[in-house]
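One structure below.
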Number of protein chains: 2
Amino acid sequence: MATIHDVAALAGVSTSSVSNVLNGRTEKLSAATYSRVEEAIRKLAFRPNRAARQLKTGHTPMLGLLVPSTANPMYGQLALNVEAAAQSRFNYRLLLGNTHRDKQQEARMFEDLLSFGVRAVIIVSSLNDERHLEDAVARGLAVVSYDRSANDGSHSLVDHVSADNYQAGYLAADHLIAYGHRRLAFLVPGGKTLSRGEKIDGFRERVSREGPRYSASVVEGRVSEAFGDSELPDLGFAMASQVAAMRPMPTGIVTVNDMLAIGLMSGLQQLNLRVPDDISVVGMDGLSVAAFTNPGLTSVAMPLTEMAGTMVERAIARSTQPDLPAADFLFQPALIARQSVAKPPRAKKAASST
Amino acid sequence: MATIHDVAALAGVSTSSVSNVLNGRTEKLSAATYSRVEEAIRKLAFRPNRAARQLKTGHTPMLGLLVPSTANPMYGQLALNVEAAAQSRFNYRLLLGNTHRDKQQEARMFEDLLSFGVRAVIIVSSLNDERHLEDAVARGLAVVSYDRSANDGSHSLVDHVSADNYQAGYLAADHLIAYGHRRLAFLVPGGKTLSRGEKIDGFRERVSREGPRYSASVVEGRVSEAFGDSELPDLGFAMASQVAAMRPMPTGIVTVNDMLAIGLMSGLQQLNLRVPDDISVVGMDGLSVAAFTNPGLTSVAMPLTEMAGTMVERAIARSTQPDLPAADFLFQPALIARQSVAKPPRAKKAASST
DNA sequence: GTGAAAGCGCTAACAA
DNA sequence: TTGTTAGCGCTTTCAC
């Protein structure tokens, strides 16, 4: 690989002039010198060594992205959007890590990012404990947290970009209620996850507005210790039995995310429960693949592209201006109606017999 | 951030001793010194600066991964597997790029990798033209190409890790034929893709063995210039009409990948064609989500984890030992039977009328 | 407008 | 066994 010295030699100038060209300081060079240097750079196919540059400047155009698992299409899409924004708007490249929602892995990744000189990171974490995030901040990382709203007040050290999960839960319940459902259930994996709390609150709030004849239950899937995002559909599949065993059985189900819903629908069909004739399902995320399930999955979609843009912008801004205070950003979800929701079977009966 | 000097000072030794500890050269230090240095490292939470190290050694523990789009769950899974192998077996981190199968983007990413000091890269490309890959190799990258078999002979510069696509096509056709199908079709997006050639060959070969009463057609989807992997399901959906318009209509369809199949099934159902009663579908990839479609999608699965492991191993091995010759690795696919394949409707009639 | 030179944090001879 | 030192390739004062 050619170095700045080779270029300087070929162009017959000093290395500092080459450096000035590299950094676009047009005003410091005569047009003639400038183009002579450019020519030399072209000829040698010279690309500056980032390690050297970083060693000098202290930063490097890389952004860390930590997601639970890119095998979950939700995070695959997120990675795509984040990468696109980072690349096209800031010329930053993406360092990707799958954390499996494991605190150790997250912490190790932070360590590595730091040692690579990366100063901006976006993390999708659902861990209750944000202490390791704050450690990372203390050591110089600008951290943006996805979908973990900060209303627990504590930490103004980390940016939070999230969907309005309360509203998401509210919308999902609202949609089912509009179709006449009265016995609703909200499905979540057991254990840790956090943003689901608000989703459940919104869901419950909407149901409780209808009075005592409406019910809102929360069903937790049984998950093993090592439960990962790739097993979400399997869990949904298994939870179909839990739902089917409920007495009375709910007629409208909301799941905390789309992959769970996809598994659930499959499991329900396996039990000869038809969606939406016997039971309606609403997912959350707005995965593009949800448009192609059978039936199409109604889902509360998050504005992923906008959120990705904001996250990238914040992470990079705060990494370059460490004095910028952390902030929270809330995005509004929107329900996408497809075919997985219909009138509840009871309502049909009720119409003729009550 | 603490530097090696701070550690040396605190431990009361020279920087080279610290360096030796960092690089685990136990034999060069007394046990006492060693642990004193370790202690100092711990106390200062010292992490060596990779940029400095890289500047010195010329390499950095990073691996590039270029995929068309992580929004395609196939590549999301691939990224997960590659990252896991790189991380757990080599302590390498992953630099991810979405190329949208665009040559410019691929070339730019190569440039960037080079300038970041990354010497090992795995690429999923379907571009006919491998010249930019060879350019990259010439400039010092160890390139491993996924699923682009090299039997065009030309390039021994790039490693090729691929599934036996001929066999995949063969297996898919074989499965349909075993169920009694005679009119088969193979669906692909229009334009570029490459590995599909062998899939089609295997598919055709299997069908032609049955003689003239069997037919194998290839259907190309109409795609725009900017067609991307995220639109695969949409394309499949649209292609359902193309299939439905064929006279005679095929009863068994194979698609070049699962996302296309998922869209196709949805489109067929939209046209009131039932899968598998009216028409059977076989996908390719073995996406985990294909187990949860309705009906479950029969698919020819590629051994993704093993392939990812091999790719990582090769990329890193060849980046550290540039004299290692490039090689090709072929993996055997396996058909996963689910519910999207059944006897053809004609065969049922035939059974009673012939 | 251009060049000389110091130094970012590390590694690896080589000396001691 | 431990320390000294010369760079790796770049950026950036500071002279000229």
Side-chain angles (χ1 to χ4, degrees), chain A residues 1-38 40-41 44-62 111-112 114-119 139-140 320, chain B residues 1-38 40-41 44-62 111-112 114-119 139-140 320:
Chain A
M1 296 277 295
T3 76
I4 200 172
H5 286 103
D6 302 327
V7 176
L10 181 60
V13 299
S14 74
T15 59
S16 38
S17 293
V18 179
S19 174
N20 283 130
V21 171
L22 290 179
N23 294 287
R25 292 188 245 280
T26 343
E27 75 286 0
K28 308 205 80 181
L29 311 209
S30 70
T33 318
Y34 202 97
S35 53
R36 202 140 37 84
V37 173
E38 280 185 319
I41 289 174
L44 297 171
F46 168 73
R47 303 270 87 194
N49 178 322
R50 298 236 178 234
R53 182 176 277 181
Q54 178 188 346
L55 191 54
K56 204 51 203 170
T57 64
H59 55 249
T60 186
M62 284 202 312
E111 289 289 297
D112 277 10
L114 245 5
S115 85
F116 275 116
V118 176
R119 288 284 153 324
R139 306 189 60 203
T320 50
Chain B
M1 297 276 295
T3 76
I4 200 173
H5 287 103
D6 302 327
V7 177
L10 182 60
V13 298
S14 74
T15 59
S16 42
S17 293
V18 179
S19 175
N20 284 331
V21 171
L22 291 180
N23 294 287
R25 292 188 243 282
T26 342
E27 75 287 0
K28 308 204 79 181
L29 311 206
S30 70
T33 319
Y34 203 96
S35 54
R36 201 139 39 82
V37 172
E38 281 185 317
I41 289 175
L44 297 172
F46 167 74
R47 303 270 86 193
N49 179 324
R50 299 241 178 228
R53 181 176 280 182
Q54 177 188 347
L55 192 53
K56 200 57 202 167
T57 64
H59 54 248
T60 187
M62 282 201 313
E111 290 287 296
D112 277 11
L114 246 4
S115 85
F116 274 115
V118 176
R119 291 286 111 85
R139 306 189 62 204
T320 49

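So you know, we letter chains A, B, ... as the sequences are listed, proteins then strands, and number each from 1.
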Under-3.5 Å N/O pairs linking protein and nucleotides 5-8 of chain C:
{"residue": "C:dG7", "atom": "N2", "partner": "A:Lys56", "partner atom": "NZ", "Å": "3.0"}
{"residue": "C:dG7", "atom": "N3", "partner": "A:Lys56", "partner atom": "NZ", "Å": "3.1"}

message: Set out, in order, the CA-CA distance, both residues' side-chain angles and the distance that settles side-chain contact (heavy atoms from CB on, under 4.5 Å) for B:Phe116 and A:Met62, then state yes or no.
response: CA-CA 10 Å; B:Phe116 274 115; A:Met62 284 202 312; 3.6 Å; yes
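Atom CZ of residue B:Arg53 and atom NE2 of residue B:His59 lie 8.5 Å apart, to the nearest 0.5 angstrom. Separating the CD atom in A:Gln54 from the CG atom in A:Asn49 is a distance of 10.0 Å, to the nearest 0.5 Å. Atoms OG and NZ, from A:Ser17 and A:Lys28 in turn, are 9.5 Å apart once rounded to the nearest 0.5 Å. To the nearest 0.5 Å, atom CG of residue A:Asn20 and atom OG of residue A:Ser14 are 8.0 Å apart.
The side chain to side chain donor-acceptor pair (under 3.5 Å) check on A:Thr60 picks up nothing, with sequence neighbours excluded. Residues satisfying the side chain to side chain donor-acceptor pair (under 3.5 Å) criterion with A:Thr57, sequence neighbours excluded, are absent altogether. For B:Asp112, the side chain to side chain donor-acceptor pair (under 3.5 Å) criterion is met by A:Arg93, not counting sequence neighbours. Take A:Ser30 and apply the side chain to side chain contact (heavy atoms under 4.5 Å, CB included) test, not counting sequence neighbours, and it matches A:Ala32, A:Thr33. Partners of A:Arg139 by side chain to side chain contact (heavy atoms under 4.5 Å, CB included), not counting sequence neighbours, listed by chain and number: A:Glu111, A:Leu114, B:Ala45, B:Arg47. Partners of B:Leu10 according to the side chain to side chain contact (heavy atoms under 4.5 Å, CB included) rule, which considers only residues two or more places apart in sequence or in another chain, are B:Ala40, B:Lys43, B:Leu44. Every residue two or more places apart in sequence or in another chain was checked for a side chain to side chain donor-acceptor pair (under 3.5 Å) with B:Glu38, and none qualifies.
Residue A:Val13 is classed as a sugar-phosphate contact, given heavy-atom separations below 4.0 Å to backbone atoms only. Note on A:Ser19: a base of the nucleic acid sits closer than 4.0 angstrom, heavy atoms only.
Atom pair B:Gln54:CD and C:dG9:C1' shows a separation of 13 Å (rounding to whole Å applied). What separates CZ of B:Arg50 from C1' of C:dG9 is a distance of 13 Å, to the nearest Å.
Take the nearest nucleotide of DNA chain C for B:Arg53 and for A:Ser14: the residue whose nucleotide is more 5' is A:Ser14.
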Donor-acceptor pairs are to be reported for all side-chain atoms of residues 1-8 of chain A against protein atoms at under 3.5 Å, with residues two or more places apart or in another chain.
{"residue": "A:Thr3", "atom": "OG1", "partner": "A:His5", "partner atom": "N", "Å": "3.1"}
{"residue": "A:Asp6", "atom": "OD2", "partner": "A:Thr3", "partner atom": "N", "Å": "2.8"}

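For residues 23-38 of chain B, proximity to DNA chain D is found at B:Glu27, B:Lys28, B:Leu29, B:Ser30, B:Thr33, defined as any non-hydrogen atom under 4.0 angstrom from a strand atom.
On the nucleic acid side, DNA chain D has its first and last nucleotide under 4.0 Å of a heavy atom of chain B at D:dT1 to D:dG9, going 5' to 3'.
Axis deviation across the helix from C:dG1-D:dC16 to C:dA16-D:dT1 amounts to 40°, comparing end segments of five pairs, rounded to 10 degrees.
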